[in-house]
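A, B, ... follow the sequence lines: proteins, then strands. Residue 1 opens every chain. This one's a predicted model, so the numbers in the text were calculated from it and none came from an experiment.
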Amino acid sequence: DSHIQYERVGADVTMKCGSMDWDAAVTWMANGTDIDDSHLNGSYLILKNVDLTQSGQYFCYEGSSWHLKYQTILRVGVPPKEPVLMCRSNNYPKGFYCSWHLPSPTYIPNTFNISVIHGTREMVCEKDVFPKNRCHIRYLQLFSTVKYKVTLTVTNALGKNSTSLTFDEFAIVKPDPPESVVAKPVPNNPRRLEVSWQNPSSWPDPESFPLKFFLRYRPLILDQWQHVELSDGTSHTITDAYAGKEYIIQVAAKDNDIGTWSDWSVAVHATPWTEEPKHLTTEVQITETTSTSTSSFMPPPTTKICDKGAGVGSGAVAVCWTAGLVLAAYGVLFI
Amino acid sequence: GDSWGIFAFLCAALCNLPAVPALNGTEELGAGQSIQKTYDLTRYLEHQLRTLAGTYLNYLGPPFNEPDFNPPRLARAERVPSATVDLDLWRGLTDNARLAANYRAYSRLLCYLRGLDGQVGAVELRHRLGHFCSSLQGLVLSIAGVMSSLGYPLPAGPAGPPLPPGSSAAPNDFLKKMDDFWLLKELQTWLWRSAKDFNRLKKKVPPAVVTLRLETRGF
């Protein structure tokens with residue numbers, strides 16, 4: 001009958017061949033290869049300063065008959081280091097989840113035990129099927145002044161270790177990043193990008209627990225981000241994009257009043273609308289107008305307006321005319 | 001010892017007087033705007049309280065000013081109105097009940113805070129406390145304004161029976177400090193809760209005045 005034997009890395013291991021006497025003649029085998037006599041002390045197998053490579057199946061056979069007298073599985077490992085525990089509420093006010101991991105492997109099986117204490121009450125943290133090493137709790141009460149204490153204990157055959165977290169209900173609120181971030185150019189607006197997104201689907205009640213958002217954007221060629229904080233709405237139009245430059249855009253979310261900002265959303269790329277390039281040789285007269293720019297060391301942006309007098313081709317003229325009409329319409333609205 | 005008991009008695013007596021009627025000014029604004037103002041006030045107070053609580057807990061000294069301090073809740077702390085509420089119950093509160101709970105809680109919390117004010121030696125801390133109490137009074141009045149503009153009757157006074165004199169006297173200095181600790185904690189939690197309460201109310205009562213947002217165009 002086989003059994004499993006757990007030993008620490010660096011330990012000295014002595015294996016006895018079952019009930020055989022010390023002076024019996026035996027042969028030991030490990031993972032299909034003979035073990036030579038230098039490791040034997042009588043019929044005992046001595047493994048000094050074991051390492052991970054020595055894990056495996058060990059067999060002991062009686063000398064002449066080759067009867068299998070003993071077999072064992074050796075697993076070399078280490079006791080667990082202090083685990084890393086994290087708790088977070090991404091679905092406030094429904095509850096929170098905790099997830100954990102070991103900072104380094106133990107090479108042998110570990111069991112995790114988690115306890116959650118709220119004041120005098122012990123709560124049950126239901127283990128998730130996936131991902132493993134995660135459990136969730138539903139809040140029974142809201143707006144509690146009493147802290148939650150979460151203790152995680154990890155145990156294996158060679159030892160145990162534990163860690164604890166103590167926190168207020170509000171301190172661990174951190175939504176998931178916004179979803180479905182979309183950035184689109186705005187036709188006939190070379191300096192605009194329209195960004196829209198959705199509340200993270202894990203946030204259960206945005207009506208009563210509204211989120212606010214933080215948008216950051218920069219052209220790929222620059223390192224410095226520009227930021228906009230938005231207290232409501234799930235869209236925003238960037239109006240100071242540099243013409244023709246590809247932008248990278250991200251959004252983060254936070255409960256309006258409590259907790260911390262989410263991680264940044266997946267980045268989206270977009271380039272503002274640019275005029276169609278002209279293929280024909282006749283030059284189109286382009287009027288350049290300089291609009292005011294806020295930073296003095298950046299090149300002034302230019303807005304190209306199609307001169308409606310240019311006759312290049314019917315398609316190009318149509319574009320020019322449309323641009324002109326749109327501009328005229330805007331002008332009328334905002335004078 | 002004794003002074004706390006006397007104070008508690010006075011507090012109970014004063015707090016059971018009829019509530020001050022809402023200022024005329026708030027009745028002219030739509031209910032929606034009042035709710036927004038009240039919401040903004042809770043955020044302002046919450047911000048103020050962070051500094052005030054830090055200073056006050058330092059004044060109390062360790063272990064009260066330690067971030068991990070997590071004492072068990074003693075029965076005597078039950079006097080301070082608690083923001084803690086069952087989730088479904090909180091969701092199902094009527095607008096009236098929601099507002100009334102806030103009104104009662106802050107009226108009582110204000111009373112207790114004024115008590116702190118009288119006992120603190122440090123001038124700087126007294127100033128801060130005094131300023132905070134004024135702002136908190138503003139919040140109580142603001143809530144009263146919302147209630148009256150929605151046609152709800154103001155609660156007669158803080159909920160609960162008046163405290164019998166002497167019963168609330170802390171038997172020793174440490175327990176007195178515990179009282180102060182829990183008072184500040186509940187106040188902080190109430191301010192967080194109120195932000196959520198007023199968010200819910202905002203959604204249900206449309207603002208009377210629509211603000212036009214003029215966006216500057218790049219032309």
Side-chain angles (χ1 to χ4, degrees), chain A residues 92-95 117-120 138-149 164-171 173 186 189-192 204-210 232-233 236-241 255-259 289 291-293 301 303 305 326-331 333-335, chain B residues 36 39-40 42-47 66-75 77-78 80-93 98 101-102 105 181-204 213-219:
Chain A
Y92 193 74
K94 273 215 178 117
I117 297 179
H118 183 218
T120 52
R138 304 192 112 245
Y139 281 132
L140 300 168
Q141 293 182 319
L142 220 51
F143 315 118
S144 177
T145 39
V146 178
K147 290 189 198 237
Y148 289 83
K149 181 166 180 178
S164 261
L165 274 183
T166 309
F167 51 82
D168 279 313
E169 179 187 309
F170 307 105
V173 177
V186 179
N189 282 279
R191 302 207 61 202
R192 289 184 179 222
D205 192 357
E207 281 287 304
S208 300
F209 297 85
D232 55 30
H236 176 72
T237 305
I238 296 166
T239 54
D240 61 351
D255 176 276
N256 233 341
D257 315 297
I258 59 179
T289 50
S291 37
T292 51
S293 77
T303 312
I305 303 169
V326 169
L327 288 172
Y330 270 124
L333 271 176
F334 288 97
I335 283 167
Chain B
Q36 181 62 46
Y39 170 84
D40 292 339
T42 66
R43 305 292 291 125
Y44 169 70
L45 279 163
E46 192 254 310
H47 189 82
E66 280 156 26
D68 293 343
F69 186 48
N70 185 23
R73 191 108 192 227
L74 304 170
E78 300 303 325
V80 178
S82 177
T84 312
V85 64
D86 173 77
L87 176 51
D88 291 325
L89 204 105
W90 179 78
R91 275 222 167 88
L93 285 173
R98 198 176 292 279
N102 274 268
F181 173 83
W182 282 117
L183 172 61
L184 290 171
K185 204 124 210 262
E186 281 297 355
L187 182 51
Q188 181 173 58
T189 314
W190 260 110
L191 288 168
W192 277 326
R193 171 175 160 174
S194 293
K196 300 311 182 200
D197 278 323
F198 285 100
N199 261 328
R200 262 183 109 84
L201 288 162
K202 253 198 279 191
K203 295 289 178 339
K204 296 172 106 189
R213 267 200 314 179
L214 295 166
E215 279 179 72
T216 51
R217 300 282 174 176
F219 295 95

* chain A heavy atoms under 4.5 Å from B:Phe198: which part of the residue, side chain, backbone, both or neither? -> neither
* Which bit of A:Asn256 comes within less than 4.5 Å of chain B, counting heavy atoms only: side chain, backbone, both or neither? -> both
* Asked: Going by atom types only, do A:Thr145 and B:Glu186 share a side-chain donor-acceptor pair under 3.5 Å?
  -> yes
* To do: Among the options B:Val85, B:Asp86, B:Thr42, pick out the one with the most heavy-atom pairs lying under 4.5 Å from chain A.
  => B:Val85
* **Pair A:Tyr148 + A:Tyr139: ring centers closer than 6.0 Å** => yes
* Asked: Does B:Trp192 have B:Arg43 sitting over its ring (NZ/CZ under 6.0 Å from centre, angle to axis within 45°)?
  -> no
* Sidechain-backbone polar pair: A:Asp255 side chain, A:Asp257 backbone, donor-acceptor under 3.5 Å -> yes
* Asked: Which atoms of B:Pro67 come close to chain A, meaning under 4.5 Å heavy atom to heavy atom: side chain ones, backbone ones, both, or neither?
  -> backbone
* side-chain hydrogen bond (donor to acceptor under 3.5 Å, both in side chains) against B:Lys185, all qualifying residues, sequence neighbours excluded -> A:Asp168
* Asked: If you count heavy-atom pairs under 4.5 Å between each of B:Thr189, B:Asp88, B:Asp197 and chain A, which one has the most?
  -> B:Thr189
* What residues, two or more places apart in sequence or in another chain, satisfy side-chain contact (heavy atoms from CB on, under 4.5 Å) together with A:Pro93? -> A:Leu142, A:Pro204, A:Phe209, B:Leu87, B:Arg91
* Asked: Relative to chain B, which of A:Thr166, A:Thr120, A:Leu140 shows the most heavy atom pairs under 4.5 Å?
  -> A:Leu140
* Asked: Can you say whether B:Arg193 sits under 4.5 Å from chain A via the side chain, the backbone, both, or neither, judging by heavy atoms?
  -> both
* Structure fact -> Pair count under 4.5 Å, heavy atoms only, with chain B: among A:Glu169, A:Lys149, A:Glu207, A:Lys147, highest is A:Lys147
